[in-house]
Amino acid sequence: MRLELVTKENVRAACDLKLHPHQESYVAPVAVSIAEAYVNQDIAWLRVIMDEDQVVGFVMVAIQPDEPIEAYRFCIWRLNIAAEEQGKGYGRFAIDSVLKEARERGVSRVTVTWHPGEDGPEEFYKRLGFVPTGEVLEGEKVGAIDV
Ligand SMILES: CC(C)(COP(=O)(O)OP(=O)(O)OC[C@H]1O[C@@H](n2cnc3c(N)ncnc32)[C@H](O)[C@@H]1OP(=O)(O)O)[C@@H](O)C(=O)NCCC(=O)NCCS
């Protein structure tokens with residue numbers, strides 16, 4: 001498993017990643033995330049998750065240390081693992097890699113926001129050690145972890 005930059009070689013496979021239909025309301029399609037990253041290049045950190053030569057997922061983080069809302073300073077923005085590749089540790093690997101990136105930048109707290117709901121990622125993030133802060137921002141719950 002490894003992370004790679006989004007390149008002209010992998011961008012189509014990244015955009016073709018499909019979730020389970022019941023998960024689609026919880027995260028934007030990868031193509032939308034890449035478009036948002038294009039117009040937010042100053043804050044977007046994005047990678048594809050690879051296993052050998054296969055794109056299995058996508059992760060994007062917003063990094064904006066001067067943001068007044070603390071929860072948005074180093075915040076996991078998107079995480080998509082292909083439906084058929086879920087449950088194999090790729091999500092954990094992606095988040096561990098993000099936490100490592102945070103440490104290397106001297107960031108001590110990483111946050112994530114998620115839509116609450118039965119098919120949402122709340123239990124996944126709790127399993128990885130994120131703790132709900134009690135905040136709700138733009139309808140999404142905030143979770144945080146000290147790194
Ligand atoms: C949530 C998501 C990213 C998890 O990715 P994944 O690769 O399937 O997760 P992993 O296999 O790395 O699982 C890591 C751990 O979390 C647990 N876990 C994963 N999903 C879980 C869930 N829905 N409920 C409870 N535990 C869960 C696993 O059992 C595993 O535990 P373990 O390592 O202690 O055995 C993936 O299901 C997904 O892409 N969902 C749809 C999009 C989404 O909601 N993204 C988040 C937007 S903020």
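What you see is a predicted model, and the numbers here were worked out from it, not measured in a lab. We count ligands from 1, going down the list as the structure has it; atoms in each ligand are counted the same way. Both backbone and side-chain heavy atoms feed into the values below; hydrogens, waters and symmetry mates do not. This chain uses plain numbering: 1 for the first residue, then up along the sequence.
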Handout entry: For atom 17 (C) of ligand 1, the protein heavy atom that lies nearest, with its residue and separation
Key = R127 CG, 4.0 Å

Practice task
Considering only non-hydrogen protein atoms, determine which one is nearest to atom 12 (O) of ligand 1 and report residue, atom name and distance to 0.1 Å.
Solution key: R92 N, 2.8 Å

Exercise for the section: Check if T113 has a non-hydrogen atom at a distance under 4.0 Å from any atom of ligand 1. Expected result: yes

Problem - Salt-bridge contact R127-E123 (side-chain N to carboxylate O under 4.0 Å) - result: no

Handout entry: For the student: nearest non-hydrogen atoms of A71 and V142, plus distance
Key = CB-CG1, 3.9 Å

Handout entry: Distance in Å, C75 SG paired with Q64 CD, rounded so as to fall on 0.5 Å steps
Key = 8.5 Å

Completion exercise
among protein heavy atoms, the one nearest atom 38 (C) of ligand 1 is Q86 NE2, 3.7 Å

Exercise for the section: Answer side chain, backbone, both or neither: which part of I76 comes under 4.0 Å from ligand 1, heavy atoms only. Expected result: neither

Practice task
State whether the number of non-hydrogen atoms from other residues, nucleotides or ligands found under 6.0 Å of Q41 atom CD is greater than 12.
Solution key: yes

Exercise for the section: Using a 4.0 Å heavy-atom cut-off, say whether R78 meets ligand 1 through its side chain, its backbone, both or neither. Expected result: neither

Problem - P121, any N or O under 3.5 Å of ligand 1 N or O - result: no

Exercise for the section: Say whether, by atom type as modelled, one donor and one acceptor occur between the side chain of E67 and the main chain of I69 under 3.5 angstrom. Expected result: yes

Exercise for the section: Tell me, yes or no, whether the heavy-atom count around K100 atom NZ, taken from other residues, nucleotides or ligands under 6.0 Å, exceeds 12. Expected result: no

Problem - 4.0 Å protein heavy-atom contact status of atom 42 (C) of ligand 1, strictly under - result: yes

Handout entry: Part of I81 with heavy atoms under 4.0 Å of ligand 1, whether side chain, backbone, both or neither
Key = both

Exercise for the section: Give the numbers and elements of all ligand 1 atoms closer than 4.0 Å to a heavy atom of G89. Expected result: 10 (P), 11 (O), 12 (O)

Exercise for the section: Look at the side chain of N80 and the backbone N and O of A28, then say whether any donor-acceptor pair between them is shorter than 3.5 Å. Expected result: yes

Problem - Contact atoms of ligand 1, heavy-atom distance to K88 under 4.0 Å - result: 11 (O)

Fill in the blank from the handout: the protein heavy atom lying closest to atom 3 (C) of ligand 1 turns out to be L79 CD2, 3.4 Å

Problem - Rounded distance (nearest 0.5 Å) linking atom CZ of F93 with atom CD1 of I81 - result: 10.0 Å

Fill in the blank from the handout: Nearest non-hydrogen protein atom to atom 8 (O) of ligand 1, with distance, is G87 N, 2.8 Å

Exercise for the section: Name all residues meeting the side-chain contact (heavy atoms from CB on, under 4.5 Å) criterion together with E138; count only those two or more places apart in sequence or in a different chain, and write none if there are none. Expected result: Y72

Exercise for the section: Ignoring hydrogens and angles, tell me if any N or O in the side chain of Q23 forms a donor-acceptor pair with the backbone of H20 under 3.5 Å. Expected result: yes

Handout entry: Test of proximity, G120 against ligand 1: N or O pairs below 3.5 Å
Key = no

Problem - Sub-4.0 Å heavy-atom approach of Y125 to ligand 1 - result: yes

Handout entry: More than 12 heavy atoms of other groups within 6.0 Å of D42 CG
Key = yes

Practice task
May I ask you to check if ligand 1 and N80 share an N or O to N or O distance below 3.5 Å?
Solution key: no

Problem - Nearest non-hydrogen protein atom, atom 40 (N) of ligand 1 - result: Q23 NE2, 3.7 Å

Exercise for the section: List the steps, then state whether side chain to side chain contact (heavy atoms under 4.5 Å, CB included) holds for Y125 with I145. Expected result: CA-CA 10 Å; Y125 284 119; I145 190 168; over 6 Å; no

Handout entry: Partner of L99 under side-chain contact (heavy atoms from CB on, under 4.5 Å), chosen from L128, V107, V110
Key = V110

Problem - Per-atom contacts of ligand 1 with Y90, taking only distances under 4.0 Å to non-hydrogen atoms - result: 7 (O), 12 (O)

Handout entry: Numbered atoms of ligand 1 (with element) below 4.0 Å of E123, judged on heavy atoms
Key = 24 (N), 25 (C)

Exercise for the section: Looking only at protein heavy atoms, identify the closest one to atom 20 (N) of ligand 1 and say how far it is in Å. Expected result: F124 CB, 3.8 Å

Exercise for the section: Return yes or no for this condition: an N or O of G91 is under 3.5 Å from an N or O of ligand 1. Expected result: yes

Practice task
For atom 28 (C) of ligand 1, state whether the nearest protein heavy atom is under 4.0 Å away.
Solution key: no

Problem - Short N or O distance, W77 and ligand 1, threshold 3.5 Å exclusive - result: no

Practice task
Give the minimum heavy-atom separation between L79 and A94, together with the two atoms involved.
Solution key: CD1-CB, 3.9 Å

